[in-house]
Novice: 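Got a structure for you, written out below as structure tokens; questions coming shortly.
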Amino acid sequence: MSSVKKPEWTPPEAGAEFASHVMSGVDDSHDGMSSTPVVALSASHRRRQLSLGDYVSGVFAGDRTILSRAITLAESNSPAHFELSQQVIKEALPKTGAAVRVGITGVPGAGKSTFIEALGCRLCERGKKVAVLAVDPSSSVSKGSILGDKTRMENLAKQKNAFIRPSPSGGTLGGLTRKSRETMLLCEAAGYDVILVETVGVGQSETTVRSMVDFFLLVVITGAGDDLQGMKKGVMELADAILVNKADGNNELKAETTKVEYDRMLHYLRQATEGWTTRAYTCSSVTGKGVDEIWDTIEQFMGVVKGSGVFGERRKQQVLSWVYTMVEDQLRQKFYRHPCVARIKERVERQVVSGELSATGAATELLRAYGLDVSD
Ligand SMILES: Nc1nc2c(ncn2[C@@H]2O[C@H](COP(=O)(O)OP(=O)(O)O)[C@@H](O)[C@H]2O)c(=O)[nH]1
Ligand SMILES: [Mg+2]
């Protein structure tokens, strides 16, 4: 068993190999909100290095502090942490897969976090264990999104059956994806039945989150018809439900109209999931009206896709595509960082642009510089 090199394990002192030390702040708030003996015991875990056995038994026992530390380990960019965390995940794997995985996207301010708080609290009341994760490629230590989510989910954060984990910050979307998927697996091994993944609608993050969840929810708000026109068709085609949020007060009627407009548009789009018709719904995350219906819809969806085999097939494809995405990311990085490739790249580009070299000739030369034999 490999061991972690750092004698004292605390993220704030851990240095640059950690993706972010914001995580420790969130862990603190979790501990501060609870006074259970588990947390008192966990305070001592914080001070010492954990073994593979400590991580695995802590995660299996649902100890939130150890779960947090296992996630931080998986998020670390240090090779020693990588080895240990891969061992933890390997042990955890047999206990993963049973949760309902839900992705939630929408423009900033649509009310995703508020909706997650409302839904999460209801699920906790029903005895479910809910984990909330975020995938935010734009987040960084200095930006406010992480803090924003924490305050939006104040009630959920107090629930003993809830676990909230902000987005790891920095790094590539590929790196972020690995971390988020592994976090999801660790949460499942810790007994969470529902995983809610919030993502902000920027760049490729929607497609990324779609590729790790069973059900994908698009949260929108009312407004003039221009909202609909501005909405990317591609994102609507990823969604298993469209939720018109903030259907309360003066906005309630308008929300109903917007819902009808979305339903009409959905009619012309490709369905996100075979055998399932995507529809629009209204809800108010503030009054709670319509929130239960969304969960009912998700449960209905799970029944349909499990019955038809679409669920199993999607999970299978997701894990395989995850493998090859990681392989391709590594290969691409290795190629572009190779000194021989870097040395000739500019000259080859210049020649191909000026017409001295064909595109195929240029690619062949670059691949040969990398050491690949491109004979066919
Ligand atoms: N009236 C009303 N306001 C809401 C509702 N949901 C969210 N909000 C408000 O909309 C703002 C943005 O919410 P937030 O959950 O942070 O959006 P996010 O960026 O999509 O996560 C906040 O001021 C919320 O209080 C709702 O259902 N009704
Ligand atoms: Mg949010």
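Bear in mind that the values here come from a model prediction, so they are computed numbers and not experimental data. Both counts, for ligands and for their atoms, begin at 1 and track the order of listing.
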Novice: If the cut-off is 4.0 Å to any non-hydrogen atom of Val107, which atoms of ligand 1 fall inside it?
Specialist: 20 (O)

Novice: With a cutoff of 4.0 Å, is Glu117 in contact with ligand 1, counting heavy atoms of the residue only?
Specialist: no

Novice: Looking at ligand 1, would Thr287 count as a contact under a 4.0 Å heavy-atom criterion?
Specialist: no

Novice: Examine the proximity of ligand 1 to Asp248 and report which part, side chain or backbone, both or neither, has a heavy atom under 4.0 Å away.
Specialist: side chain

Novice: Should Glu365 and Leu357 count as side-chain neighbours, where that means a heavy-atom distance under 4.5 Å?
Specialist: yes

Novice: When rounded to the nearest 0.5 angstrom, what is the spacing between CG in Leu366 and OH in Tyr336?
Specialist: 8.0 Å

Novice: Report, as yes or no, whether the 6.0 Å neighbourhood of atom CD on Gln271 holds more than 12 heavy atoms from other residues, nucleotides or ligands.
Specialist: yes

Novice: So, taking the atom named CZ in Phe335 and the one named CD in Glu328, what distance separates them when rounded to the nearest 0.5 Å?
Specialist: 14.5 Å

Novice: Is there a polar contact between ligand 1 and Gly111, counting only N or O atoms under 3.5 Å apart?
Specialist: yes

Novice: Kindly indicate whether the side chain of Val130, heavy atoms from C-beta on, has any atom under 4.5 Å from the side chain of Asn161.
Specialist: no

Novice: Please check if atom CG in Leu320 has more than 12 non-hydrogen atoms from other residues, nucleotides or ligands closer than 6.0 Å.
Specialist: yes

Novice: Answer yes or no as to whether an N/O/S atom of Thr114 is found below 2.8 Å from the Mg ion (ligand 2).
Specialist: no

Novice: Do ligand 1 and Pro108 have nitrogen or oxygen atoms that lie under 3.5 Å from each other?
Specialist: no

Novice: Closer than 4.0 Å to some heavy atom of Glu198 - which atoms of ligand 1 meet that?
Specialist: 21 (O)

Novice: Kindly compute the distance separating NZ (Lys259) from CD (Glu256), expressed to the nearest 0.5 Å.
Specialist: 6.5 Å

Novice: Taking all heavy atoms of Arg210 and all of Leu238, pick out the closest pair and write down the distance.
Specialist: NH1-O, 2.9 Å

Novice: Which ligand 1 atoms, with their elements, are less than 4.0 angstrom from a heavy-atom of Gly109?
Specialist: 10 (O), 12 (C), 17 (O), 18 (P), 19 (O), 20 (O)

Novice: What orientation do Phe163 and Tyr192 show, parallel under 30°, tilted 30 to 60°, or perpendicular over 60°?
Specialist: tilted

Novice: Counting heavy atoms only, which part of Thr114 comes closer than 4.0 Å to ligand 1: side chain, backbone, both or neither?
Specialist: both

Novice: In Glu198, the N, O or S atom nearest to the Mg ion (ligand 2) is which?
Specialist: OE2

Novice: Check each atom of ligand 1 against the heavy atoms of Ala110 and keep those under 4.0 Å away; list them by number with element.
Specialist: 17 (O), 20 (O)

Novice: Does ligand 1 have an atom under 4.0 Å from some heavy atom of Ser284?
Specialist: yes

